[in-house]
2 protein chains.
Amino acid sequence: MLKISTKSQYGLRAMVCLAKSKDKICSLRSISEKEDIPFDYLEKIISRLEKANLVKAKKGIQGGYFLAQKSTEIKVGKIIRVLEGKMSLVKCIGEKEKHLCPREKRCVTKNFWEKIQDTLNTALDSLTLDDLILPKNILETRYKTKK
Amino acid sequence: MLKISTKSQYGLRAMVCLAKSKDKICSLRSISEKEDIPFDYLEKIISRLEKANLVKAKKGIQGGYFLAQKSTEIKVGKIIRVLEGKMSLVKCIGEKEKHLCPREKRCVTKNFWEKIQDTLNTALDSLTLDDLILPKNILETRYKTKK
DNA sequence: CTAAAACCGACTGATATAGTCGGTTTTTAT
DNA sequence: ATAAAAACCGACTATATCAGTCGGTTTTAG
């Protein structure tokens with residue numbers, strides 16, 4: 001059905017939430033409540049984001065998470081790719097030098113899928129977290145021009 | 001992991017196979033062999049394509065399938081959407097007037113996902129079956145200009 | 001009449017998703 | 001010092017979808 005996982009959707013919302021809080025540290029509990037994300041699940045999600053160096057944590061009481069980089073420097077595509085795992089629409093592309101499919105040479109569709117994949121990645125990378133917290137009309141024009 | 005199902009991949013290859021055969025009727029057996037697609041599975045796939053009026057069948061010996069329209073008139077996106085089922089990347093978009101998510105109004109990411117969805121659909125619709133059977137370099141330029 | 005084809009519905013095994021749960025460690029406020 | 005609030009971690013589960021198989025029926029050309 002070609003769905004973006006809730007993991008990515010939740011993760012992106014959590015990141016936007018952090019971006020909106022600027023430098024103020026946010027506990028998972030507060031994000032979970034503000035964004036209606038199951039707390040336990042959010043823990044798993046944020047842990048992947050942390051390992052990918054997109055957020056940093058402060059432990060202990062009054063602790064929480066904050067962005068590891070400026071919101072203008074975090075492309076949405078980065079977030080999605082981290083959470084979605086290796087994101088190749090079809091298994092025969094992506095792994096650069098590995099020829100996974102014996103039909104590769106004579107396959108007319110491989111080339112097509114590569115184009116689609118590329119288009120998708122470009123679209124996801126065309127906006128940063130910062131763009132998402134701007135008013136809607138600004139988003140529109142940025143998306144158009146950056147592409 | 002955001003994968004296009006093998007159903008769509010197989011289905012597209014089968015359609016390309018039919019496009020290449022022009023008006024010559026093709027049995028599933030022959031397509032299955034040429035394209036290395038499990039025969040039984042291919043039956044299910046072609047059945048969906050037939051119900052969607054993308055191919056027509058002739059029963060009995062010497063029977064088979066052929067395109068229901070000209071290959072220049074069948075957009076790849078149509079094929080993929082038929083096989084992939086309703087293709088909305090996130091569940092809260094797509095159903096036009098149904099407001100599925102209580103957070104809809106204040107959700108900053110909904111708008112973003114709609115853009116991505118739109119970009120993807122446009123990309124898939126930018127080429128027809130006929131484009132896919134042309135030499136690679138022609139494909140490149142068509143894809144670029146049509147987008 | 002028979003073989004080759006389309007057609008159909010039920011079944012299955014594997015994998016991924018979307019969580020949940022129980023517990024440990026770290027830190028700060030009192 | 002200690003209790004509470006937070007991050008951190010690994011194991012577990014239920015559900016759904018995918019990818020494919022199987023057994024059988026119907027149609028039609030030769």
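No experiment lies behind these values; they were computed from the predicted model shown. Convention: sequence-line order gives letters A, B, ...; per-chain numbering from 1.
B/Glu50 comes within contact range of the sugar-phosphate backbone alone, with a heavy-atom separation under 4.0 Å but no base atom that close. Using a 4.0 Å heavy-atom cutoff across all strands shown, B/Ile46 reaches no nucleic acid atom at all. The residue A/Ser27 sits close only to the backbone: its heavy atoms come under 4.0 Å of sugar-phosphate atoms, none of a base.
Evaluation of the salt bridge (charged side-chain N to carboxylate O under 4.0 Å, His left out) rule for A/Asp40 yields no partner, not counting sequence neighbours.
One hydrophobic cluster, built from ILVMFWY side chains closer than 4.5 Å, holds both B/Leu89 and A/Leu139.
Residue A/Tyr10 places none of its side-chain N or O atoms closer than 4.0 Å to OP1 or OP2 of C/dA18.
At most 12 non-hydrogen atoms from other residues, nucleotides or ligands lie less than 6.0 angstrom from NZ of B/Lys75.
In this structure, the separation between NZ on B/Lys58 and CZ on B/Phe66 is 9.0 Å, given to the nearest 0.5 Å.
Nucleotide C/dT17 holds its C1' atom 12 Å from the CE atom of A/Met1, rounded to whole Å. Taking atom NZ on B/Lys91 and atom P on C/dT17, their separation rounds to 16 Å, with Å as the unit. Across the protein-nucleic acid pair, A/Leu83 atom CG and C/dG19 atom P stand 14 Å apart, rounded to whole Å.
Protein chain B contacts DNA chain D from D/dA19 to D/dG30, reading 5' to 3' and using non-hydrogen atoms of the protein with a distance under 4.0 Å.
When all heavy atoms of A/Asn53 and A/Gln69 are compared, the pair lying nearest together is O-NE2, 3.1 Å. Contact between B/Thr119 and A/Tyr143 at its shortest, heavy atoms only, is OG1-OH, 2.6 Å.
Along DNA chain D, the nucleotide nearest A/Leu2 and the nucleotide nearest A/Tyr65 are compared for position; the residue whose nucleotide lies closer to the 5' end is A/Tyr65. Between A/Asp40 and B/Leu28, the residue anchored nearer the 5' end of DNA chain C, judged by the nucleotide with its closest heavy atom, is B/Leu28.
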Inset, instruction - Show your working on side-chain hydrogen bond (donor to acceptor under 3.5 Å, both in side chains) between B/Ser5 and B/Glu84 and close with a plain yes or no. - result: CA-CA 7 Å; B/Ser5 65; B/Glu84 208 68 19; 3.1 Å; yes

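The closest side-chain heavy-atom distance from A/Arg29 to A/Phe39 is below 4.5 Å. The shortest distance between side-chain heavy atoms of B/Leu18 and B/Ile31 falls below 4.5 Å.
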Every protein N/O within reach of nucleotides 27-30 of chain C N/O, cut-off under 3.5 Å:
{"from": "C/dT27", "atom 1": "O2", "to": "A/Ile61", "atom 2": "N", "distance (Å)": "3.3"}

